[in-house]
Structure formats: C-alpha cells, structure tokens
2 protein chains.
Amino acid sequence: MITVDMRDRKPIYEQLIDNIRTLAVQGHLKPDEHLPSVRQLAAELAINPNTIQKAYAELERQNVIYALPGRGNFISPDIGAVARQEKERQLRALAAQITLAKNVGAQKDEIRTLLDAAYDDTTR
Amino acid sequence: MITVDMRDRKPIYEQLIDNIRTLAVQGHLKPDEHLPSVRQLAAELAINPNTIQKAYAELERQNVIYALPGRGNFISPDIGAVARQEKERQLRALAAQITLAKNVGAQKDEIRTLLDAAYDDTTR
DNA sequence: TAACTGTACTAACACAAATAGTACAGATAA
DNA sequence: TTATCTGTACTATTTGTGTTAGTACAGTTA
C-alpha cells in the first residue's frame, strides 16, 4: 500500500519514491504491474498531482518504473538491478549507523543482540 | 572541532546540536568546559549569531550544556545521563536501519561482516 | 568605564516543497 | 467519432522553514 505521512519531515515526493521503490524491490509490486495514474493516486492520497508526477519522474530515472504516455506507469521488468543497488545502498547506510553507535559507546555485543533479534524473531 | 557543512541538507543549527552533543558525549569536550561565545563561534564559522544561539538553546534544553548569562556557555557536569540517552537513541536508529536492510534482502552474515569490520579494524 | 557575555525581539530574505490551474498529445473504450 | 482516460509540460502562487540582519538590554569581567 502506497502511503505518505504529512507529519514526516521528509518531502512527500521523496516518501513516495522510497515507498514505491521498496514495494517493487520486495516484490509487492510485480514487473509490468500497472501503477495508479498520477491523478488517481493524487486523489487517493489527497495531495497535488504535480507531486505524484515528480515522484514518478524520478522513479523512471532510477529505472524502477517506466511510463507509456497515454497508457500509464508500470513497474520495470528488470527490477532486479534496482534491488541489488538498493541493497548496497542500505548496507552502506547501515555501516554508517554502526559507526555512529560505536562512537557513542555502543558495545559490539549490544549490536549483535539487535541483529539476532531482527533475524530470529521473524521469518527467515 | 566544531564544524558545519553548508552543502548538507541538514539545517546548520541541527548540525551544531549533533556535533557538539557528540563531542561532549565522547569526552572531547570536558564537563564545565567553556564553549565559544555565540558571537565568536558565529564569526569562526561565518554564520549568523542567531543560528548559534538557536543551537545553544536546544543543547541547554537537552542538558548538554548550561548557560550563565554574562559569562558564557559550558558543558554540563552530568553529561553522563546525556551519553546514556544518546547511546539508546543511536541503538534504536541502528535497529531501524537493520530492519530496512533486511527488508531489501540483506543477509544476516553480510551485516555481521560489517559489524566485524567496524569493531576489528580500529581501536577497541 | 569599556568590552565582553547571554538573551530577546522584529523584520527581511532565500529556498524548497507543495499547490493551483491550464494545456496538449497519445491511448482507449463507448 | 466522441468522450474520457493517460502522461507531460508549463507558469504562477502559496507556504513553511531556515537563515540573516539589526537592535536592544541586562549581567559579568578586566
């Protein structure tokens, strides 16, 4: 489900980009699946169509989706490449966050505990 | 050393808050140590005194520093409590980032490798 | 006394995000 | 063909936040 949080400091169009990219990478949106039209999604989320268009344009630039003028926007068939890039991106962000935690006194064991909790409590 | 990055999207006053809080928590700024005056730091960093004042006011609210009108701003003597809060804050952020990485396909082993690298390559 | 200090204002400016509105061409179903 | 979708491209305006500019006042210190 595509959502936005108006209270979030992150701009709406960036929320949409990250949200839809993640849904596509996780497989919740299938390759060639038809996305809501610019006007329809704007109506659903009660935001301006221009904001949706801005997000869709950036998603197309990132090869997450492709547009067929007059027909609509669709999930890219080769979403796999995007998925690999996104994984690397999140791992880099994670490495940075580990450094931040370490710098304020976090012990390796404490982080290992977080890691175990994230991977043991849920599926896989 | 207190610095700011004008290219960073994060507001200057927030950069100052995080920067000084981290320096204090890490012990690079000692309890009761005298901070640069609002006007002096503004001159050094080539930014407006109001921006420094905004950061100092928030740091005082967070008990990172205390102000003596007419004398200056000083690092809080009980910075330990702040350090504990900050550590918890970073661990929560880390847990969230682990979840993000996991959701885009990161394997536990990959994260463990990052963790080892962060703690083995440097001191401690 | 002079020169610092923190603090409290108001006003203006700059920038990005978001909105509002219009327009046009391609696609599609009636 | 017509009506109604679709993406796309504009301009203008509004809004909110961060930042700057300037002034003022009281406390501190050499």
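Chain naming here is simple, since letters A, B, ... match the order of the sequence lines and numbering starts at 1 in each.
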For atom [atom1] of [X] and atom [atom2] of [N], their distance in whole Å:
{"X": "B:Asn48", "N": "D:dT23", "atom1": "CG", "atom2": "P", "value": "13 Å"}
{"X": "B:Glu58", "N": "C:dG6", "atom1": "CD", "atom2": "P", "value": "17 Å"}
{"X": "A:Gln15", "N": "C:dA18", "atom1": "CD", "atom2": "P", "value": "8 Å"}
{"X": "A:Arg9", "N": "D:dT17", "atom1": "CZ", "atom2": "C1'", "value": "9 Å"}
{"X": "A:Ile47", "N": "C:dA20", "atom1": "CD1", "atom2": "C1'", "value": "14 Å"}
{"X": "B:Glu14", "N": "D:dT17", "atom1": "CD", "atom2": "C1'", "value": "11 Å"}
{"X": "A:Met6", "N": "C:dA17", "atom1": "CE", "atom2": "C1'", "value": "10 Å"}
{"X": "A:Asp5", "N": "C:dA18", "atom1": "CG", "atom2": "P", "value": "12 Å"}

Given protein heavy atoms under 4.0 Å, the one-letter contact record of nucleotides 6-14 of chain D, with B base, S sugar-phosphate only and - none, is simply BBB-B----
Atom [atom1] of [X] and atom [atom2] of [Y]: how far apart are they, to the nearest 0.5 Å?
{"X": "A:Thr51", "Y": "A:Tyr13", "atom1": "OG1", "atom2": "OH", "answer": "10.5 Å"}
{"X": "B:Glu58", "Y": "B:Asp18", "atom1": "CD", "atom2": "CG", "answer": "10.0 Å"}
{"X": "B:Lys108", "Y": "A:Leu115", "atom1": "NZ", "atom2": "CG", "answer": "5.5 Å"}
{"X": "A:Ile12", "Y": "A:Asn48", "atom1": "CD1", "atom2": "CG", "answer": "9.5 Å"}

Quick check on D:dG18: is either OP1 or OP2 less than 4.0 Å from any side-chain nitrogen or oxygen of B:Lys54? yes
Below 4.0 Å: OP1/OP2 of D:dG18 and any side-chain N or O of B:Tyr13: yes
Residue pair A:Tyr56 / A:Ile65, side-chain heavy-atom distance below 4.5 Å: yes
If you look at every heavy atom in B:Gln62 and B:Val82, which pair is closest and at what distance? O-CG2, 3.7 Å
Paired and unpaired positions of DNA chain C as dot-bracket, Watson-Crick or G-U wobble under 3.5 Å, | denoting a partner strand: ||||||||||||||||||||||||||||||
Is it true that, when you exclude B:Arg84 itself, more than 12 heavy atoms of the residues, nucleotides or ligands shown sit nearer than 6.0 Å to its CZ? no
Is A:Lys54 paired with A:Glu14 through a side-chain N to carboxylate O contact shorter than 4.0 Å?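 A salt bridge is absent here (no side-chain N lies under 4.0 Å from a carboxylate O).
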Under a 4.0 Å threshold between the charged nitrogen and the carboxylate oxygen, would A:Arg7 count as salt-bridged to A:Asp5? yes
